[in-house]
Amino acid sequence: MTKFIIVTGGVLSGLGKGVTSAALDLLLKSKGVSVDICKVDPYLNVDPGLMNPYQHGEVWVTKDGYEADLDFGHYERFLDVEITRDHNITTGRVYLSVLEKERKGEYLGQTVQVIPHITDEIKKQLQRIARINNSEVLLVEIGGTTGDIESMPFLEALRQMRMELGKENVLFVHVTLVPTLEAVGEQKTKPTQHSVKELRGLGIQPDIIVCRTKKPLKEDTRAKISLFCDVGKLDVISNHDVDFVYEVPLIMEEQGVGDNILAKLNLRERRRDLKKWRDFINKVKGIDKKVNIAVVGKYVELRDSYISIVEALRHAAWSMGRDVNILWFEAEDFEENKEKLKELSDVQGILVPGGFGKRGSEGKILAIKYARENNVPYLGICFGFQLAVVEFARNVMKKDKANSAELDHDTPYPVIDILPEQKDIEQLGGTMRLGEIPLKIEEGTIAYRIYSKRNVRERHRHRYEVNPEFIEEIEKYGIKFSARSDKGRRMEILELPGHIHFIATQFHPEFKSRPLKPAPVFFSFVKAVIEKGEENV
Ligand code: GLN
């Protein structure tokens, strides 16, 4: 039978509960326990695909084409696994399922209520997730903050689960904030006390309290939390700020949290292999060279919008003994002030990530033109791929009105057009070309050198593509489409022979990048960037 670890959050959102969850699961995995991980999002959206990146950070795409919360990215990166769509429960999904049953008459005349119908459905969905991989432990991260009205039915369902399955099968971890009053340097425990009180009011006593703090938790702070929140001193874990998120498992392991959880769940350690992880952190900490890379986007104020891109750049750079310094450019600024483009002379590489809609698109095109004309390594991802085609059509093929049909319906030269199967879709949620799709790479190309194989699979999320009518003409002018999919119909990678490194992909290679296994496309880009020049940190 699968045991459950429930991770809740207190005090405020954005505490890094996703990282903490992934790190705890990694620790158990490193002790030979088979683990799985899933997320409960208490919002009403059926999935996060349509949520504004400004509010929710990036949308993560799973292998099987689910648009997930960015915490899925932490899970996949830390655990080096591929998580599927069935590992997410949202309030929307739970209600959808209950309402469908109600319409089918499956409740046989009963009054359908939050308790027991919604809570039963939640328990059922969690047990279903546990059966997917039948791992010994399933960690369940509960989105939102304890006390939110939205999360009540979930917490109630979990309280029932603990009673039904027993303490040794359901463990509660509460992640809270311990702020420091700067003037006196004192760590304050009151918010934690309040949030635990809130949880206890719902009938849940946490077994372990993980405290997010600036500096390591002081002994007297730990003692105070232990006393007021009714947990052992060893059950209070300091999760203080670190330079690299990948250090989090190590600082928690130093406090024995892995063994502690195993003991509480009646599980035995079977091996111990954090060495590779530890070596990796030590290597990263010793890095003293960096490269400057520009990321030109439209949500650059909220860094979480591009979190996977940043991580993928780091993984690649770290593997070559470098760190990356990312210079963020708001694409619209280039449109308003062309002088601003000169600032790109400080960088050794330019990346245009995925995106949607008109705002900022002309600025991105200007940045791409800069990279192409000045022989600066370029990596374009999805929108950054499509706009590279537009830029090329306008400035090399001299079709100055060329555009993507997404940005200009009436362009006489729609080099990027809507995918034929997308034309008649009216519903927006979950309907893009999504998830892993096999590609074929042409031998003898740069792309082939990057991957060293012909067949690869990469994750997608788009509605538009290179218009098949223009492929031949574009290639005549010098762009090479070196990877294709769907029997050669869809363009997947473009390259510009003769340029130091001008590569763009219709797919999102960042979703397959792992700290110890950088994505090949990012690796080749950063390698070119390093060759272009570097600075000492
Ligand atoms: N807006 C473009 C499309 O829908 C690109 C999408 C993206 O960058 N993820 O095809």
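Order of appearance sets the numbers: ligands from 1, and atoms from 1 within every ligand.
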>> Measuring centre to centre across the rings, with the benzene-like ring taken for any Trp, is Phe525 within less than 6.0 Å of Tyr378?
In response: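 That pair fails the under 6.0 Å test.
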> Only one of Val347, Ile350, Leu313, Asn325 clears side-chain contact (heavy atoms from CB on, under 4.5 Å) with Ile293; which?
Replying inline: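 Result for side-chain contact (heavy atoms from CB on, under 4.5 Å) with Ile293: Leu313.
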> Using a distance-only test with no angle check, is there a side-chain donor-acceptor pair under 3.5 angstrom linking His501 and Asn375?
Replying inline: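 No pair is found: no donor N or O on one side chain lies under 3.5 Å from an acceptor on the other.
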> Quick one: do the Asn133 and Ser135 side chains pair a donor with an acceptor below 3.5 Å?
Replying inline: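 No, because no side-chain N or O of Asn133 sits under 3.5 Å from a partner of the opposite role on Ser135.
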>> Are more than 12 heavy atoms, taken from residues, nucleotides or ligands other than Lys480, located less than 6.0 Å from that residue's NZ atom?
In response: yes
> Which atoms form the tightest heavy-atom contact between Glu121 and Ser97, and what is the distance?
Replying inline: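 Distance-wise, the nearest heavy atoms are OE2-OG, 2.8 Å.
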> Listing by chain and number, which residues have a heavy atom under 4.0 Å from ligand 1?
Replying inline: Gly354, Gly355, Phe356, Cys382, Phe383, Gln386, Glu406, Arg461, His462, Arg463, Tyr464, His508
